[in-house]
Amino acid sequence: VQLQASGGGLVQAGGFLRLSCTASGGMFRFMTMAWYRQAPGKKREFVARISSRGVINYADSVKGRFTIARDNAKNTVSLQTDSLVPEDTAVYYCNALDGEDFYWGQGTLVTVSS
């Protein structure tokens, strides 16, 4: 499974970005897809997850501001990030759980200026 993330960039506080991740290989519709992020000097942390059945979980820090969605016809998972704050600055990684195997994308940088 290969994951290609895109959509990062520089945005002012209060702004928004839409991140996207396209998967190739494997059976996308059976995968649990997730977004993680890693801020400078910090450990990678969970952001949001959507299961193959559409069950969604969010980290408390992004609830009400971020929205994860999947399009099984296009093998994509998106993360709509609204009301961004400087603390959201990080490299955002797409993650796929396929059976017992985890896969990571290359990451896309989100920078939120104050």
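Both backbone and side-chain heavy atoms feed into the values below; hydrogens, waters and symmetry mates do not.
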Verify, without hydrogens or angle tests, whether [X] (side chain) and [Y] (backbone) share a donor-acceptor contact under 3.5 angstrom.
{"X": "Q2", "Y": "G25", "value": "no"}
{"X": "R65", "Y": "S83", "value": "yes"}
{"X": "T108", "Y": "G8", "value": "yes"}

Report task. Kindly work out whether a path of hydrophobic side-chain contacts (I/L/V/M/F/W/Y, heavy atoms less than 4.5 Å apart) joins V11 to V47. Result ->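 Yes, same cluster.
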Query raised in the report: Under 4.5 Å between side-chain heavy atoms, hopping through other hydrophobics if needed: is there a path connecting I56 to V62?
Result: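 Yes, it is one cluster - the side chains of I56 and V62 are joined through contacts under 4.5 Å.
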Requested in this report: Under the side chain to side chain contact (heavy atoms under 4.5 Å, CB included) rule, collect the residues that match up with R18, sequence neighbours excluded.
Outcome: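 Applying side chain to side chain contact (heavy atoms under 4.5 Å, CB included) to R18 gives S78, Q80.
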Query - side chain to side chain contact (heavy atoms under 4.5 Å, CB included) against L3, all qualifying residues, sequence neighbours excluded - result: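 L3: side chain to side chain contact (heavy atoms under 4.5 Å, CB included) contacts with V1, C21, A23, M33, C94, A96, Y103.
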Report task. Might you work through the side-chain contact (heavy atoms from CB on, under 4.5 Å) test for W104 and R44, ending with a clear yes or no? Result -> CA-CA 12 Å; W104 293 96; R44 191 171 299 187; 3.2 Å; yes
Report task. Please identify each residue that fulfils ring pair (Phe, Tyr, Trp, His ring centres under 6.0 Å) with Y58, with sequence neighbours left out. Result ->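 Applying ring pair (Phe, Tyr, Trp, His ring centres under 6.0 Å) to Y58 gives none.
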Give me the atom names and distance for the closest heavy-atom approach of [X] to [Y].
{"X": "L10", "Y": "S113", "answer": "CD1-CB, 4.4 Å"}
{"X": "S51", "Y": "T32", "answer": "CA-OG1, 3.7 Å"}
{"X": "A13", "Y": "S114", "answer": "CB-CA, 4.4 Å"}
{"X": "T76", "Y": "S20", "answer": "CB-OG, 4.5 Å"}

**Report entry** Sole residue of Y36, F66, Y93 in ring pair (Phe, Tyr, Trp, His ring centres under 6.0 Å) with F46
**Finding:**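 Between F46 and the candidates, ring pair (Phe, Tyr, Trp, His ring centres under 6.0 Å) is satisfied uniquely by Y36.
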Query raised in the report: Can you tell me how far the CE atom of M31 sits from the CZ atom of R29, to the nearest 0.5 Å?
Result: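 Nearest 0.5 Å value for the CE-CZ distance: 10.5 Å.
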Query - Gap separating the OG1 atom of T89 from the CD atom of Q38, nearest 0.5 angstrom - result: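 These two atoms lie 13.5 Å from each other.
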Side-chain contact, heavy-atom cut-off 4.5 Å: [X] with [Y]?
{"X": "T81", "Y": "V110", "value": "no"}
{"X": "W35", "Y": "L19", "value": "yes"}
{"X": "F28", "Y": "N72", "value": "yes"}

Requested in this report: Output, in order, the C-alpha distance, side-chain angles, deciding distance and verdict of side-chain contact (heavy atoms from CB on, under 4.5 Å) for T67 and L79.
Outcome: CA-CA 6 Å; T67 303; L79 186 69; over 6 Å; no
**Report entry** No-hydrogen, no-angle side-chain donor-acceptor test under 3.5 Å, R37 and Y92
**Finding:**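 Short answer, yes.
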